[in-house]
Amino acid sequence: MQMIIFTLNEKYYAFSSENVEEITTKMACAPVPQSPAWVQGLVNLRGNVITLINLSKLLSPTDETKEIWYNNIIIVKNDEEKVAFMVDDVAWVLDIEPSAIQQLDEQLDDFVSSVIQVKDQIVSVINMEKLFL
C-alpha cells in the first residue's frame, strides 16, 4: 500500500495514495465568508475550483493553532469531488506493508485510525473515509 507521509505542525501524518490526484506547491486562495474555521478558501487548479482545507485546524479544532506555513497542497479526489489539503511538507511517498500498520485500540482522535513507524518517526495514519463524512 502506497502512503503519502507529510508533516503538519512538526508531527508526521500519512494517508493512502489511492485517492490522491496530485501534490503541488502552495497557491493563492480566495476566502469563503462564513465557512468553517478549517476551510482556508478556494483555489483554482487549471480551471477547477477546489476547496482548500487547513488540515491542522480540521484535525485539532480545539487547539490554538498558529498560522500554518505550508509548502505543499495534496489534491484528493473523493467520488467526483476534489479537495485540497494544506500540509507543511511532503516527506515521503512510500510503499508500506499492511502488516506494518498498527490499528489503534482506542480512538484518540476522530480522524486518526492507526500508526506506522517510518525512519524512526511515529506517523499517524488519517482515515480518509472519516474526513469525507
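Values below: all heavy atoms of this structure, side chains included; hydrogens, waters and symmetry mates excluded. Numbering of residues begins at 1 and proceeds along the displayed sequence.
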Do [X] and [Y] land in one hydrophobic cluster if side-chain heavy atoms of ILVMFWY residues count as linked below 4.5 Å?
| X | Y | result |
| --- | --- | --- |
| Phe6 | Tyr12 | no |
| Met1 | Phe15 | no |
| Met3 | Val20 | no |
| Ile53 | Val76 | yes |
| Leu55 | Val83 | yes |

Tyr70 side chain reached by Leu52 side chain, heavy atoms, under 4.5 Å
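Counting from C-beta outward, Leu52 and Tyr70 do come under 4.5 Å.
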
Under a 4.5 Å cut-off applied to non-hydrogen side-chain atoms, are Ile73 and Val87 in contact?
no

Specify the closest pair of heavy atoms between [X] and [Y], including all atoms of both residues, with the distance to one decimal.
| X | Y | value |
| --- | --- | --- |
| Ile101 | Ile96 | CG1-CG2, 4.1 Å |
| Cys29 | Gly41 | SG-CA, 4.3 Å |
| Ser124 | Val112 | CB-CG1, 3.7 Å |
| Ala14 | Val123 | CB-CG1, 3.6 Å |
| Leu8 | Met86 | CD1-O, 3.8 Å |
| Ala37 | Lys57 | O-CD, 3.3 Å |

Determine whether Ile126 and Leu59 satisfy the following criterion, side chain to side chain contact (heavy atoms under 4.5 Å, CB included), listing intermediate values before the conclusion.
CA-CA 9 Å; Ile126 297 172; Leu59 295 176; 4.0 Å; yes

Sorted by first residue and then second, give each side-chain hydrogen bond (donor to acceptor under 3.5 Å, both in side chains) pair with at least one member in residues 89-102; sequence neighbours left out.
Asn71-Asp89

N/O donor-acceptor pair under 3.5 Å between Asn127 side chain and Glu129 backbone:
yes

Keeping Thr7 on the side-chain end and Asp88 on the backbone end, is there a donor-acceptor pair under 3.5 Å?
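The answer is no, because no donor-acceptor pair under 3.5 Å joins these two groups.
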
Does Gln121 have any side-chain hydrogen bond (donor to acceptor under 3.5 Å, both in side chains) partners at least two apart in sequence or in another chain, and if so, which?
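Per chain and number, Gln121 pairs via side-chain hydrogen bond (donor to acceptor under 3.5 Å, both in side chains) with no residue.
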
Qualifying residues under salt bridge (charged side-chain N to carboxylate O under 4.0 Å, His left out), relative to Glu21, sequence neighbours excluded
Lys82

Leu94, Asn72, Ile23 screened by side-chain contact (heavy atoms from CB on, under 4.5 Å) with Ile4, the one that passes:
Ile23

To the nearest 0.5 Å, tell me how far Lys26 NZ sits from Gln40 CD.
10.0 Å

Between Leu42 and Thr51, does a side chain to side chain contact (heavy atoms under 4.5 Å, CB included) hold up when you go through it step by step?
CA-CA 5 Å; Leu42 300 174; Thr51 303; 3.8 Å; yes

